[in-house]
2 protein chains.
Amino acid sequence: MNTLSYALLAFLAREQSSGYNLMLRLQPFWPAKHSQIYPLLSHMESEELLTSCWVVQCEKPDKKLYSITEKGIRKLKEWLYVPLADPITRDELSMKTFCMWLTDLDNAIDIIESRRVHLVKKLEHLHLKISDKVREDLEFGTPEFFDYMLYQKAIYTTTSGLDWTNMMLDILKEQRTKQNLK
Amino acid sequence: MNTLSYALLAFLAREQSSGYNLMLRLQPFWPAKHSQIYPLLSHMESEELLTSCWVVQCEKPDKKLYSITEKGIRKLKEWLYVPLADPITRDELSMKTFCMWLTDLDNAIDIIESRRVHLVKKLEHLHLKISDKVREDLEFGTPEFFDYMLYQKAIYTTTSGLDWTNMMLDILKEQRTKQNLK
DNA sequence: TGTCCCATGTAAACCGTTACATGATTGA
DNA sequence: TCAATCATGTAACGGTTTACATGGGACA
């Protein structure tokens, strides 16, 4: 059982869902392609952690709805007592910043600016999402409460990333002004 | 050419280095095991991006020192004009938070607390590292300047992670107090 | 007519970790 | 004596991405 399997259990513990929908909802937390998810789901079904049934839809293709079993819920609860693994982040921007001394100021600014744009969009999206959540007044211990806290987590990291790019851009642009004066 | 290859070029553009040393220095930015790095380095040598020579050391095993070639530097500079990829983070903590409503308060607190400990240690380490750097007064555009900015990047993200765990712990512990009063 | 979204699946290639294999030196 | 650090490499396995494959409905 890898983390992705537990991620699937985690979503299915809340409500039954199709592989396609799981793939979409998983992206912010544990990015995975459908080609990874579909075989995993059928494997988990063979392990009796899940059950499935086909649902016919009108104006949309048929879908296979997965539900979590008692055994699946037990597995998921056990996992919550397994020591937490460290997070893994791989960011090309760190490596590009590391060799930024090899390129020109304009390119350096373009690189950081492209990340800034990405983070601004992400933050806007998160603020939209969280404003939906606040209305349903949050009761501690409900799934929605933890959804809200996860949006906060994403907002914290995105904001700190944005702060860094803004600091970098200030320094780089100031430097460009100095250069142009010469 | 994958990102790891460029990461190796990025380090070797600053100074010649052994595979072992590259592996160690790479960890904070692009974690990789020696078993991934050694074959990559020899492949990159066959592509004439690197050259190598054996160095005999006293009281330590022999090492193979790699140096970047002109072609390697050209490749690295070209990479700095390729559009930046989005960062990828996979954090079990997000998934565990997502299904925290399934477990007890004490366990929830333990989970967040274990991440807090990890982040506090990381932050201490970063502050130590950065205090070394500040002394050599930083001149813009030098490799050391970008080193300093990368430490800042790490400090920003670690601090925001820590802020989130502290907020979570405040809420969870307050809730535990309420529960105990009943 | 072409593109996007829904929806499922497989196959191949690539990336990353764990395990196997060796061996000297330093310090607890 | 045992563990850690330095140092290099290969083999097997598992995780992830890209490409192949199909097909209907919505929308411009």
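The sequence lines fix the lettering, A, B, ..., with proteins before strands; numbering per chain opens at 1.
- At least one cation-pi condition fails for Arg90(A) and Phe29(B): the charged atom is not both under 6.0 angstrom from the six-membered ring centre and inside a 45 degree cone around its axis.
- Ser42(A) places a side-chain N or O within donor-acceptor distance of the main-chain N or O of Tyr38(A), the cut-off being under 3.5 Å.
- Put simply, Arg90(B) has a side-chain N or O that comes within less than 4.0 Å of OP1 or OP2 on dT16(D).
- With no hydrogens or angles considered, a side-chain donor-acceptor pair links Ser94(A) and Lys153(B) at under 3.5 Å.
- Distance CD (Gln27(A)) to P (dT17(D)): 9 Å, rounded to an integer number of Å.
- Atom pair Asp86(B):CG and dT17(D):C1' shows a separation of 15 Å (rounding to whole Å applied).
- When the nearest nucleotides of DNA chain C are assigned to Met1(B) and Ser42(A) by heavy-atom distance, the more 5′-ward of the two goes with Ser42(A).
- Rounded to an integer number of Å, the gap from Leu8(A) CG to dG15(D) P is 13 Å.
- Under a 3.5 Å cut-off, the side chain of Thr97(A) and the backbone N or O of Leu93(A) do form a donor-acceptor pair.
- One finds a side-chain N or O of Gln57(A) lying less than 4.0 angstrom from the OP1 or OP2 phosphate oxygen of dA7(C).
- Where Ser35(B) and Pro39(A) each meet DNA chain C at their nearest nucleotide, the meeting point lying more 5' is that of Pro39(A).
- Atoms CD1 (Ile37(A)) and C1' (dA7(C)) sit 13 Å apart, rounded to a whole Å.
- Checked by atom type, the side-chain pair Gln152(B)/Tyr148(B) shows a donor-acceptor distance below 3.5 Å.
- Comparing Gln36(B) and Lys63(B) against DNA chain D, the residue whose closest nucleotide sits nearer the 5' end is Lys63(B).
- The side chain of Tyr20(B) lies closest to dT8(D) when the candidates are dT17(C), dT8(C), dT8(D).
- For dG9(C), neither phosphate oxygen OP1 nor OP2 lies less than 4.0 angstrom from any side-chain nitrogen or oxygen of Tyr38(A).
- Taking atom NE2 of His34(B) as the reference point, atom P of dT10(D) lies 10 Å away to the nearest angstrom.
- Contacts of Glu92(B) classified as salt bridge (Lys or Arg N to Asp or Glu O under 4.0 Å), with partners at least two apart in sequence or in another chain: Lys96(B).
- Distance Leu24(B) CG to dT5(D) C1': 9 Å, rounded to the nearest Å.
- When distances run from any side-chain atom of Trp54(B) to the nucleotides dT18(D), dG9(D), dC15(C), the shortest one goes to dG9(D).
- Comparing Lys64(B) and Leu4(A), the nucleotide of DNA chain D nearest to each residue sits closer to the 5' end for Lys64(B).
- The residue Asp62(B) sits close only to the backbone: its heavy atoms come under 4.0 Å of sugar-phosphate atoms, none of a base.
- Donor-acceptor pairing under 3.5 Å is lacking for the side chains of Glu48(B) and Thr69(B).
- Listed nucleotides: dT17(C), dG15(D), dA7(D). Nearest to the side chain of Asn2(A): dG15(D).
- A straight line from NZ of Lys33(A) to P of dC20(D) spans 16 Å, rounded to a whole angstrom.
- No hydrogens or angles considered: nothing links the side chains of Ser160(B) and Asp163(B) as a donor-acceptor pair under 3.5 Å.
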(request) Let me have a per-nucleotide readout for nucleotides 22-28 of chain D, 5' to 3', with B, S or -, counting only protein heavy atoms under 4.0 Å. (result) -B-SS--
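- In this structure, Met23(A) places its CE atom 11 Å from P of dC5(C), rounding to the nearest Å.
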